[in-house]
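The chains referred to below are lettered A, B, ... by the order of the sequence lines, with proteins before strands, and numbering in each begins at 1. What you are looking at is a predicted structure, and each value in this text was computed from that prediction instead of being measured.
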Amino acid sequence: MSGIFSVYVGNAPFQTTEEELGNFFSSIGQINNVRIVCDRETGRPRGFAFIEFAEEGSAQRAVEQMNGAEFNGRPLRVNLANK
DNA sequence: AATGAGCGC
């Protein structure tokens with residue numbers, strides 16, 4: 001309904017930054033936000049993130065085109081968020 | 001400093 005279409009990105013390297021992920025997905029469509037999920041207590045990244053696209057089609061293309069894509073040596077898991 | 005499947009203050 002509302003205009004945020006979140007994509008789950010798993011299997012990311014622990015040193016990945018939100019900027020790097022935004023760059024990697026920027027060709028897909030307009031990104032409104034990137035959030036790397038960190039452990040609440042230690043603050044360390046948990047190795048996955050959410051990318052919020054402005055349009056639903058972008059989110060779907062992200063899944064189709066980027067699931068399994070190599071990112072800094074690791075195949076990303078990309079799926080629509082909120083299973 | 002470290003970890004490796006996972007769906008988030």
**Message:** So A:V9 and A:F71, do their side chains get closer than 4.5 Å, heavy atoms only?
**Reply:** no
**Item:** Base versus backbone protein contacts along nucleotides 4-9 of chain B [heavy-atom cut-off under 4.0 Å; B, S, -]
**Value:** B-BBBS
**Main-chain N/O of A:I36 paired to A:E18 side chain as donor or acceptor, under 3.5 Å** = yes
**Asked** What closest approach, in Å, do A:S58 and A:G29 show between heavy atoms, and which atom pair accounts for it?
**Response** OG-CA, 3.7 Å
**Prompt:** With side chains defined as the heavy atoms from C-beta onward, is the minimum distance between A:F25 and A:I31 less than 4.5 Å?
**Reply:** yes
**Complete:** In short, side-chain hydrogen bond (donor to acceptor under 3.5 Å, both in side chains) pairs touching residues 68-78 of chain A with sequence neighbours left out are A:N11-A:R74
